[in-house]
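Let me begin by presenting the structure, written as structure tokens, before commenting on it.
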Amino acid sequence: MTTHPKTSFFSNLTTQILIAMIIGVILGIFVHSNYSADAAKEFSGYIKMLATVFIRLVQMIISPLVFTTLVVGIAKLGDIKAVGRIGGKALGWFFTASFISLLIGMFWVNLLQPGTGLNLTDVDMASASEVTEKTSNFSAQNFIEHIIPKSIVEAMATNEILQIVIFSIFFGLAAASIGDHAKPVVNALDKTSHIVLKMVNYVMKFAPVGVFGAIAGVFAVRDFTELLLTYAKFFGSFLVGISSLWMILLLVGYLLLGKTMSVLLKRIVSPLIIAFGTTSSEAVFPKLTEELERFGVKDKIVSFMLPLGYSFNLDGSMMYMTFASIFIAQAYGIDLSLGTQMTMLLVLMLTSKGIAGVPRASLVVVAATCGMFKIPIEGIALILPIDHFCDMFRSATNVLGNALATSVVGKWEKDDA
């Protein structure tokens, strides 16, 4: 395993982010308690710009990073058989993890029944309409169109990771088939990827400021104590579900990776906290790429697995989708048979793939699924107030799931070599 001298910076960054989160919470609560709702909302808008700047800086890097690393990775793999072998292992892991995550959400929402007897007032239907409007375009045709790019330039401009992955796979395979003639291009892309990874270090120095802005902005306009009391049963049940998913992921990690699992967790502490604070697993994509390579996973595996994982392996989001869908049914007094719930699970398994770039993707999928099963999609309004706090845990779980999947497939490939 390669050693790197920047471990101290990693630890320091983690400390800075934790301090930024604490200060953000304190400032947000202070503003919420001492200023009018309009003033707090205005403050939140301004302070959230810090988070927006950080996330946009990261988004600026994602397209060139995915393209360059994936093409180089596939070119280094050398043939279609190797790509197919790793791809098969990846998809096998992704669909198994997704199925287990969906089952966990279904199990806990049925056991704890957080939606039964619910009586929530002041439901914001206007906010719900923003989500439900997006479900009108949710169809098999649009799903295919979302996966297959019509233009790589457009895909890169809109940061459609899955579309970039599709193009990069074709480009990489073509480069590998040409052989030595493609070496100058592959070498140039390899050097470009190292430059982009160097940019990651610069961008990550702004991470504590971004996390501070995101946290302060939320707590300035949300009365967390009041929300928690109102949604105690829903949020508590959700935390039980997400905690059990973490336990399973960690258990599988220790079984398959052994003692090195502890090393992996130390490596990804910083990405986990950034994802938690900004509610964006996308925000840590470049940093996670760097840390997994430092952990010892071959760059060609990381560059192949991680972009796929961000589209197909969102474990936290998957758990939330069954949980939220059945919760809404419970809130409306709609009894769903086990067979119906299993059908819903399979529908979610398919419809959730490939829409990682859609804003509030989990809610859009939940709304669309509710519509398919004759559950009022306006029920999204019931979970919107607490969704941001659930999203913190979902995003961090997605990062853990992808780090684990990449590391395990990397180990399998090393063992098979």
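Treat the numbers as computed from the prediction; the structure is a model and nothing was measured. Counting begins at 1 with the first residue of the sequence.
- In this structure, N402 contributes its side chain and N398 its backbone to a donor-acceptor pair below 3.5 Å.
- The shortest side-chain heavy-atom distance between P114 and F238 does not fall under the 4.5 Å cut-off.
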Next on the checklist: Set out, in order, the CA-CA distance, both residues' side-chain angles and the distance that settles side-chain contact (heavy atoms from CB on, under 4.5 Å) for L65 and M199, then state yes or no.
Outcome noted: CA-CA 10 Å; L65 182 64; M199 290 172 67; over 6 Å; no

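- Aromatic ring orientation, F312 versus F94: parallel (interplanar angle below 30°, classes split at 30° and 60°).
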Item to check | Criterion side-chain contact (heavy atoms from CB on, under 4.5 Å) on L264 and L292, from CA distance to verdict | outcome: CA-CA 8 Å; L264 175 65; L292 286 172; 3.7 Å; yes

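- Annotation: side chain of V109 is not in contact with side chain of T322 (no heavy-atom distance under 4.5 Å).
- A 4.5 Å side-chain heavy-atom check between I268 and F295 finds every atom pair outside the cut-off.
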Next on the checklist: Between T369 and M321, does the side-chain contact (heavy atoms from CB on, under 4.5 Å) criterion hold? Intermediate values first, please.
Outcome noted: CA-CA 9 Å; T369 305; M321 285 174 197; over 6 Å; no

Item to check | Verdict with supporting geometry, V399 and F276, side-chain contact (heavy atoms from CB on, under 4.5 Å) | outcome: CA-CA 9 Å; V399 171; F276 182 84; over 6 Å; no

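- Salt-bridge formation is not detected for the pair E413/K300: no Lys NZ or Arg NE/NH1/NH2 atom is positioned less than 4.0 Å from an Asp or Glu carboxylate oxygen.
- To the nearest 0.5 angstrom, F373 atom CZ is 7.0 Å from T340 atom OG1.
- The shortest distance between side-chain heavy atoms of W93 and V252 falls below 4.5 Å.
- Taking all atoms of both residues into account, the shortest heavy-atom contact from I74 to G172 is CG2-C, 3.5 Å.
- Closest heavy-atom contact between A275 and S281: CB-CA, 4.3 Å.
- Both cation-pi conditions hold for R394 and Y320: the charged atom is under 6.0 angstrom from the six-membered ring centre and inside a 45 degree cone around its axis.
- Side-chain contact between V297 and M305 is absent, with no heavy-atom pair separated by less than 4.5 Å.
- F327 and I383 get closest at one heavy-atom pair: CE2-CG2, 3.5 Å.
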Next on the checklist: For D180 and K183: C-alpha separation, side-chain torsions, deciding distance, then whether salt bridge (Lys or Arg N to Asp or Glu O under 4.0 Å) applies.
Outcome noted: CA-CA 5 Å; D180 290 343; K183 273 190 176 179; 3.6 Å; yes

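- In plain terms, the two heavy atoms of H388 and V218 that are nearest each other are NE2-CG2, 3.0 Å.
- Checking side-chain atoms of D190 against main-chain N and O of V72 turns up no donor-acceptor pair under 3.5 Å.
- The 12-atom threshold is not exceeded at CE of M247, counting heavy atoms of other residues, nucleotides or ligands nearer than 6.0 Å.
- Residues F67 and V196 have side chains not in contact (no heavy-atom distance under 4.5 Å, counting atoms from C-beta outward).
- Interatomic distance, OG1 of T343 versus CG of L336, reported as 10.5 Å (0.5 Å rounding).
- Atom OG of S237 and atom CG of N110 lie 11.5 Å apart (nearest 0.5 Å).
- G277 and I215 make their closest contact through O-CD1, 3.9 Å (heavy atoms, listed as atom of the first residue, atom of the second, distance).
- The environment of F206 atom CZ is dense: over 12 non-hydrogen atoms of other residues, nucleotides or ligands sit within 6.0 angstrom.
- In this structure a side-chain-to-backbone donor-acceptor pair under 3.5 Å is present from S63 to M156.
- Ring orientation note: the planes of F234 and Y231 are nearly perpendicular, at an angle over 60° on the 30°/60° scale.
- Residues T397 and M318 form no side-chain contact, since every pair of their non-hydrogen atoms from C-beta on lies 4.5 Å or further apart.
- In plain terms, the two heavy atoms of Q163 and P149 that are nearest each other are O-CG, 3.6 Å.
- The side-chain contact (heavy atoms from CB on, under 4.5 Å) test with T278 is passed by exactly one of V284, V58, I55: I55.
- The side-chain heavy atoms of L257 and S407, taken from C-beta on, include a pair separated by under 4.5 Å.
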